[in-house]
Structure formats: structure tokens, C-alpha cells
Amino acid sequence: MTASVDRASIGLRSERGPVLGALMLSTGLIAIDATILATAVPSIVRDLGSYQQFPWLFSVYLLAQAVSVPIYSRFADTVGRKPIILLGIGLFLLGSVLSGFAWSMTALIVFRVVQGLGAGAVAPMSMTIVGDIYSVAERAKVQGYIASVWAISSVVGPALGGIFAQLDAWRWIFWVNIPLCLIAAWMLLRRYHEKVEPQRHRIDYLGAALLTVGLTGLILGMLEGGNAWDWISLPSAVCFGVGVAALVVFAVVERRAAEPIVDLRLAARPLILTTTIVSLGIGALLTGVTSFAPAYLEGSIGIAPLLSGLAVAALTLGWPLAAANAGRLYLRIGFRRTALTGLVIATVAAIALAAVSPWPNPIVVAAVAFVLGFGLGWSAAPTLIAAQAAVGWGERGAVTGMNAFARSAGSALGVAVFGAISNAVIARGAGPGDPATIVDASFWVFVAAAIVAGLTLLAAAFMPRDSGAARSGATGA
């Protein structure tokens with residue numbers, strides 16, 4: 001198939017249109033959740049208490065997503081994509097209902113784990129199904145449809161979150177997912193059909209357990225160090241020691257496992273390794289900024305949650321606008337150059353965000369966030385599609401899962417690191433109720449984000465030069 005593709009053959013009215021529509025709606029579940037919660041954090045804290053614990057709302061969700069993605073991806077390469085994405089939608093629905101009824105911050109954190117387990121199936125399966133039914137050239141067009149979901153969600157999510165927060169009805173942030181989950185599941189049941197040859201498989205439970213313990217130990221140590229206990233203390237030593245040891249053992253176990261939860265052998269390929277590292281950095285940047293920017297604006301100058309949400313929406317609006325056009329660019333200049341261009345833009349924007357943060361201004365934050373999102377959107381899709389195009393159907397689920405795992409793990413660790421920085425500065429200052437302290441804490445969070453952006457750009461520079469797959473329009477089958 002050539003790189004020239006008739007848009008009518010892949011649109012919503014085409015033969016594959018109903019499936020594309022179902023995937024767009026499924027993606028919408030994750031897209032709205034990524035933008036709707038951050039604006040309501042101050043409202044949730046006022047109701048349930050514990051400002052220091054709010055990063056856990058994001059970290060546990062992302063941790064559950066990160067750990068479950070490789071498991072789902074392994075199952076998807078054996079039993080098929082459809083049952084996995086339906087399971088994910090079901091778990092996401094259950095987690096949303098429970099979160100809406102949460103009676104304490106601890107309960108809400110636990111229910112966010114259930115949501116994260118659902119998102120761990122929905123996000124990578126949507127990307128994998130797109131990779132199955134569309135060629136590389138077609139995916140350049142399809143990306144525009146998927147990007148439109150993020151564009152709409154980038155406006156609808158923060159607006160809804162801000163409205164619910166101002167009405168003191170933050171529980172509806174979770175309940176709004178209920179009709180979306182039901183419609184998405186119904187469309188997939190009716191419209192998506194796949195041919196799968198069942199295969200026997202072994203689930204790497206030991207690897208999953210070690211990965212969970214390792215990441216949990218690191219995140220627990222970073223978020224509670226200097227808060228629940230001193231940084232230099234026995235609890236900190238235990239958390240970091242157990243976390244690092246578990247991850248080291250995990251790496252050893254994965255190399256010997258028949259069907260590893262994360263196939264580290266794939267990472268031996270330079271393209272897979274570099275794109276995975278880039279996804280790790282993108283996850284940290286995206287979630288770090290969207291999680292902390294609303295609290296920064298609301299805590300420093302006291303603007304309404306709706307306005308702080310719209311400022312952050314600029315980031316998630318810039319992303320899909322860039323992603324919608326990234327396909328045309330990487331078909332012309334290749335995956336590597338497109339990703340590098342996007343990350344240069346993102347790095348400049350991240351540095352600018354840190355530079356302007358001492359003077360809180362929602363318009364300035366929105367402008368910088370838009371550029372940051374644009375840069376990330378121009379780098380995320382090309383790195384994923386480059387990795388997908390390099391493997392066949394039997395490995396595509398694993399590769400997509402590794403990419404999604406890296407982004408989720410990066411997000412979880414990023415929120416933990418940024419949260420540790422924020423909590424440390426607030427502990428030394430006048431507390432979370434002092435605007436000057438919030439500004440100071442946010443400044444150092446954004447400095448850390450700029451450093452992450454620079455390291456991600458460096459990783460992209462080591463991507464192998466394109467072999468021509470980007471221009472060839474090789475099929476995704």
C-alpha cells in the first residue's frame with residue numbers, strides 16, 4: 001500500500017468507521033480523566049483533607065496502569081484485543097463509580113487504583129487495534145481522528161472539572177464516566193470483530209509482583225519522605241532499598257521468564273529502547289505539568305478552578321493539534337526528525353514555564369503550556385508508530401504495551417518526584433495555605449520538568465535513523 005491514502009477509506013463512514021468510532025470513544029475515557037481531575041484537587045482536599053496526599057491520586061492510578069499494561073498486552077497477543085479492552089472498560093467503570101462514593105482521601109486513593117487497572121487495558125488496546133487494522137500511511141490520517149478526541153477532551157475535561165469544583169460537586173467528575181463506558185463497550189461488542197487463534201500462555205506473576213513492589217517502594221519513599229518521616233531515616237532506607245532491590249531482581253527474572261511481563265529482550269533493539277525512554281520522559285512531563293499547574297495557579301493567585309483548568313487545557317489542546325499533523329510530517333521527513341523537532345519545542349517551552357513561574361499569570365501559563373503540548377504531540381505519535389512499524393502482529397501488542405508502560409511509569413514516577421519536591425519546599429515554607437510558598441514550590445517543580453525535557457530530547461537524539469518505513473506506507477498487519 002502506498003503512502004497516498006484516500007481519507008474516505010478510513011473515515012467514520014467507511015467500512016472500518018464504526019470500529020474507529022468505538023476506539024475514539026474508548027480513548028475519550030482516558031483523555032477526559034487525564035484533564036478533569038487536576039482542576040478539582042483543591043476542592044477535593046477541602047472536602048476530604050490532606051493536601052500532602054493529593055499526588056497519590058495521580059501516582060496510584062498511574063502505577064496501576066503502568067503495572068497492568070504489560071500484562072494486558074501479553075494477553076492481547078494470545079487471546080485477542082477485544083476481550084482485554086472490554087475488561088478495561090469494565091474496571092474503569094467500576095473504579096469511577098466507587099471513586100464517586102469515596103468517603104475519605106484514603107478510600108479515593110484505593111478506588112483510583114481500580115480506575116488505573118482499567119485504563120491500563122483501554123489505552124494500549126486502542127493503540128494496538130489501530131495498528132492492526134490500519135497501515136502506517138493510514139495511521140497518519142487516523143491519528144487526526146484520535147487527536148480530535150484529545151482536542152475535545154482538553155476543553156471539555158478541565159471545563160467540567162472546574163464547574164463541578166465550583167459547584168462543590170466534584171464527585172460528578174467520576175460519575176460522568178458511566179455513560180461513556182457503557183456506550184463504548186456496546187459499540188465494541190457490536191462492531192469490532194477479530195480473528196484470533198487461541199494460544200497457551202504463561203502469566204509472569206512473579207515479574208508483575210516484583211515490578212509492583214519496586215515501583216511502589218520508590219513512589220512511597222519519594223512522596224512520604226520529608227512528610228511522614230525524615231528523608232534520612234529507617235523508613236526511607238527501607239522504601240528505597242526494597243524498591244531498588246525488587247527492580248534489580250525483576251530485571252533478572254524477566255530475562256529468564258518464558259513470557260516476561262516486560263520483554264526486556266525487545267529493549268535490546270536500539271529503536272525500541274530509545275522510543276521507550278522517550279515515552280518515559282513524555283509521561284513524566286505531561287502528567288507532572290497538568291497535575292501541578294492548576295494547584296499552582298489556584299494556590300498562588302486564587303483564581304477559580306474553571307480558569308486554572310482552561311489554562312492547563314491549552315497543553316492538552318496543543319498536543320492533539322500537533323499529533324493530527326505529525327503524520328504528514330513523519331511521512332516526509334521520517335520518525336526520528338519529527339520526534340526531535342517536537343522535543344526541541346517541548347524543551348524550550350518547559351524552560352520558559354520555569355522562567356515565568358515566579359510571576360503567576362494564567363494567560364502566560366496557558367500560552368507556554370500550549371507550546372509544550374504542541375511539542376509533546378509532535379513527538380509521542382512518531383515514536384510509538386516507529387516502534388509498531390518495526391515489528392509484526394505477534395510482537396505489536398508487546399511493543400505497544402512497553403511504550404504505554406513506559407509512559408505510565410514515567411507519569412507515576414514523575415508525579416512522585418515532583419510531589420516530593422513540592423512537599424519538601426512547602427514543609428520548609430509557611431505551608432500549603434501561603435501563596436508565596438506555593439509559588440516557590442511550583443518553581444522548583446517546573447525546573448525539574450525542564451530537566452526531564454532536556455533528558456528526553458537527548459534520548460530522542462539516539463534514535464536510529466529511519467529505514468524508510470515512515471515513507472513506505474508499510475501495512476500494519
Side-chain angles (χ1 to χ4, degrees), residues 33-34 36-68 91-120 161 164-165 168-178 209 212-231 233-236 238-240 242-243 287-288 290-292 294-295 298-299 305 408-409 411-424 426-427 431-433:
D33 189 80
I36 196 172
L37 182 61
T39 56
V41 164
S43 178
I44 294 173
V45 168
R46 283 195 302 270
D47 194 2
L48 302 181
S50 188
Y51 182 90
Q52 285 76 16
Q53 283 189 312
F54 97 79
W56 280 105
L57 294 177
F58 302 96
S59 286
V60 296
Y61 172 90
L62 295 164
L63 176 61
Q65 184 178 4
V67 172
S68 61
L91 287 172
F92 194 85
L93 173 61
L94 176 62
S96 297
V97 172
L98 292 174
S99 294
F101 286 105
W103 56 88
S104 67
M105 184 67 79
T106 300
L108 182 56
I109 290 171
V110 171
F111 297 148
R112 285 283 286 171
V113 172
V114 180
Q115 262 195 310
L117 291 174
F164 290 147
D168 198 24
W170 60 264
R171 296 178 188 277
W172 281 96
I173 286 174
F174 302 102
W175 289 336
V176 76
N177 293 326
I178 295 174
T212 302
V213 171
L215 292 178
T216 301
L218 294 181
I219 291 173
L220 180 62
M222 285 184 284
L223 285 180
E224 297 300 332
N227 182 24
W229 53 71
D230 293 334
W231 282 107
S233 63
L234 180 60
S236 283
V238 171
C239 287
F240 289 113
V242 170
T287 309
T290 55
S291 299
F292 287 90
E298 292 174 42
S408 298
S411 297
L413 293 173
V415 169
V417 171
F418 299 149
I421 293 171
S422 176
N423 286 340
I426 289 174

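All residue numbers in this chain count up from 1 along the given sequence.
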Pair up each side-chain donor or acceptor in residues 91-100 with any protein partner under 3.5 Å, not counting sequence neighbours, and list the distances.
from: Ser96; atom 1: OG; to: Phe92; atom 2: O; distance (Å): 2.8
from: Ser96; atom 1: OG; to: Gln115; atom 2: NE2; distance (Å): 3.0
from: Ser96; atom 1: OG; to: Asn177; atom 2: ND2; distance (Å): 3.1
from: Ser99; atom 1: OG; to: Gly95; atom 2: O; distance (Å): 2.8

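- Other residues, nucleotides and ligands contribute over 12 non-hydrogen atoms within 6.0 Å of the CH2 atom of Trp175.
- For the residue pair Arg171 and Leu48, the shortest heavy atom distance occurs at NH2-CD2, 4.5 Å.
- Val113 has its side chain out of reach of Tyr61: every pair of non-hydrogen atoms, C-beta onward, lies at least 4.5 Å apart.
- Of all heavy-atom pairs between Asp47 and Trp170, the closest is OD2-NE1, 3.0 Å.
- Legend: residues meeting ring pair (Phe, Tyr, Trp, His ring centres under 6.0 Å) with Phe418, ordered by chain and number and at least two apart, are absent.
- For Ser68 against Gly116, the heavy-atom pair with the smallest separation is OG-O, 4.1 Å.
- When the side-chain contact (heavy atoms from CB on, under 4.5 Å) test is applied to Ala209, no partner is found at least two apart in sequence or on another chain.
- Distance check: Phe240 CZ to Leu220 CG gives 8.5 Å after rounding to the nearest 0.5 Å.
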Is there a side chain to side chain contact (heavy atoms under 4.5 Å, CB included) between Phe174 and Leu108? Walk through the geometry before answering. CA-CA 11 Å; Phe174 302 102; Leu108 182 56; 3.8 Å; yes
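- Ring geometry for Phe111 against Trp103 counts as perpendicular: the plane angle is over 60°, on a 0 to 90° scale with 30° as the lower cut.
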